[in-house]
Amino acid sequence: MIGDVDASFATPRGGDPEVHSDLDLIVGHGEPQRVGRFRYWLGEQRWEWSDAVARMHGYEPGTIVPNTELLLQHKHPEDRPQVAEVLERVLQGEPFSSRHRIIDTGGQEHWVIVVGDRMLDEAGVVTGTAGFYVDVTEVLQADVSAAVSEVAQSRAVIEQAKGVLMVAYGISAERAFDILVWRSQETNVKVRDLATRFLAAFTGRLPGDVLSDLDHTLLTVT
């Protein structure tokens with residue numbers, strides 16, 4: 001369970017129990033304040049937010065009454081056209097899903113996934129939409145951080161391999177990289193992996209006279 005979210009959003013009278021059962025399976029495994037529910041009632045044109053959804057938007061629970069205009073105000077300007085199309089589906093009681101950005105009251109940007117399905121009364125008539133928000137900001141940021149870290153590591157090993165080739169052949173960084181790319185294509189191995197293997201194979205294999213020259217140059221260069 002996810003605390004106040006589930007407690008404050010029991011299946012509404014006249015709602016579709018199957019829809020809410022499915023939502024419970026998804027939302028019930030969420031982390032506190034990362035997943036929250038919403039409902040929209042067609043007849044009353046009324047929105048309801050769980051405490052978690054209110055907090056995603058920067059509000060303390062019970063301090064705001066959500067409406068369509070407020071929802072749009074919190075959407076990222078670049079995503080508002082997309083969200084406006086989604087809202088048309090909501091206002092017609094149609095199922096939908098969307099991934100977009102919201103901006104909370106403090107100006108912080110959140111990436112959210114929003115999924116909704118129809119609420120039906122006992123006669124099977126659509127009475128509104130019920131669904132959930134999932135704040136995936138931290139997940140996306142972690143993915144970006146991991147990608148940046150991988151790029152940095154790849155660049156470091158490639159630069160080391162280039163340095164070895166530059167010293168060995170007396171060539172520029174550009175030509176050293178050309179050699180790595182050429183061998184990468186010849187061996188069908190990524191440049192990063194080729195550079196890693198090259199360094200591993202080369203480490204510790206310098207002839208003694210080369211090492212002596214290297215030591216002398218290192219200790220006398222000014």
Side-chain angles (χ1 to χ4, degrees), residues 1-106 108-140 143:
M1 301 296 286
I2 57 173
D4 57 4
V5 175
D6 286 328
S8 63
F9 266 63
T11 302
R13 183 171 59 185
D16 185 344
E18 292 185 1
V19 169
H20 288 273
S21 176
D22 291 342
L23 293 179
D24 286 338
L25 290 175
I26 301 172
V27 176
H29 291 82
E31 297 179 2
Q33 313 313 323
R34 300 297 179 212
V35 184
R37 299 174 184 269
F38 76 90
R39 288 199 295 256
Y40 177 74
W41 300 89
L42 286 172
E44 305 169 42
Q45 297 186 358
R46 176 170 57 89
W47 290 91
E48 293 180 4
W49 281 353
S50 70
D51 292 349
V53 174
R55 290 193 177 101
M56 285 180 198
H57 289 79
Y59 300 103
E60 284 301 311
T63 62
I64 191 69
V65 177
N67 55 52
T68 302
E69 182 180 358
L70 181 70
L71 261 68
L72 283 173
Q73 288 176 357
H74 279 282
K75 305 306 179 184
H76 191 285
E78 295 178 3
D79 296 341
R80 283 176 187 164
Q82 167 200 341
V83 174
E85 294 181 6
V86 172
L87 282 174
E88 283 297 319
R89 298 179 66 87
V90 175
L91 299 179
Q92 295 171 20
E94 297 181 3
F96 73 92
S97 64
S98 175
R99 189 179 82 167
H100 57 267
R101 291 163 289 181
I102 63 174
I103 300 175
D104 65 23
T105 57
Q108 183 175 355
E109 184 178 296
H110 301 258
W111 275 99
V112 294
I113 294 174
V114 186
V115 179
D117 205 345
R118 299 175 299 171
M119 291 193 299
L120 307 175
D121 63 16
E122 296 177 356
V125 176
V126 176
T127 59
T129 302
F132 57 91
Y133 279 69
V134 183
D135 189 332
V136 295
T137 306
E138 291 187 0
V139 175
L140 293 176
D143 288 344

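In this text, all values refer to a predicted model and were calculated from it rather than measured experimentally.
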*By ring pair (Phe, Tyr, Trp, His ring centres under 6.0 Å), which residues pair with His74, not counting sequence neighbours?*
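With neighbours one apart ignored, the set is His57, Tyr59.
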Could you measure the distance from the [atom1] atom of [X] to the [atom2] atom of [Y]? Nearest 0.5 Å is fine.
X: Arg118; Y: Thr129; atom1: CZ; atom2: OG1; answer: 9.5 Å
X: Met56; Y: Asp51; atom1: CE; atom2: CG; answer: 11.5 Å
X: Thr105; Y: Arg55; atom1: OG1; atom2: CZ; answer: 12.5 Å
X: Tyr133; Y: Ser50; atom1: OH; atom2: OG; answer: 10.0 Å

Any idea which heavy atoms bring [X] and [Y] closest together, and the distance?
X: Asp117; Y: Pro95; value: OD1-CG, 3.5 Å
X: Pro61; Y: Ala54; value: CA-CB, 4.5 Å
X: Asp104; Y: Gly58; value: CB-N, 3.8 Å
X: Pro77; Y: Ile103; value: CD-CD1, 4.1 Å
X: Phe38; Y: Phe132; value: CE2-N, 3.4 Å

Quick one: does any side-chain atom of [X] pair with a main-chain N or O of [Y] as donor and acceptor, under 3.5 Å?
X: Asp79; Y: Arg101; answer: yes
X: Ser98; Y: Val114; answer: no
X: Thr137; Y: Trp111; answer: yes

_Does Val112 form a side chain to side chain contact (heavy atoms under 4.5 Å, CB included) with Val134? I'd like the steps, not just the answer._
CA-CA 5 Å; Val112 294; Val134 183; over 6 Å; no
_Using the side-chain hydrogen bond (donor to acceptor under 3.5 Å, both in side chains) definition, which of the options Arg80, Lys75, His76, His110 pairs with His100?_
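It is Lys75, the one option of Arg80, Lys75, His76, His110 that forms the side-chain hydrogen bond (donor to acceptor under 3.5 Å, both in side chains) with His100.
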*For residues Glu48 and Trp41, determine if any side-chain heavy atom of one lies less than 4.5 Å from a side-chain heavy atom of the other.*
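Yes, their side chains come closer than 4.5 Å.
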Any residue meeting side-chain contact (heavy atoms from CB on, under 4.5 Å) with [X], in chain and number order, not counting sequence neighbours:
X: Gln45; value: Tyr40
X: Pro81; value: none
X: Gln73; value: Glu69, Leu70

*For Glu44, what residues pass the salt bridge (Lys or Arg N to Asp or Glu O under 4.0 Å) criterion, not counting sequence neighbours?*
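Only Arg46 meet the salt bridge (Lys or Arg N to Asp or Glu O under 4.0 Å) criterion with Glu44.
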*Residues in salt bridge (Lys or Arg N to Asp or Glu O under 4.0 Å) with Glu88, at least two apart?*
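In terms of salt bridge (Lys or Arg N to Asp or Glu O under 4.0 Å), with neighbours along the sequence ignored, Glu88 is linked to no residue.
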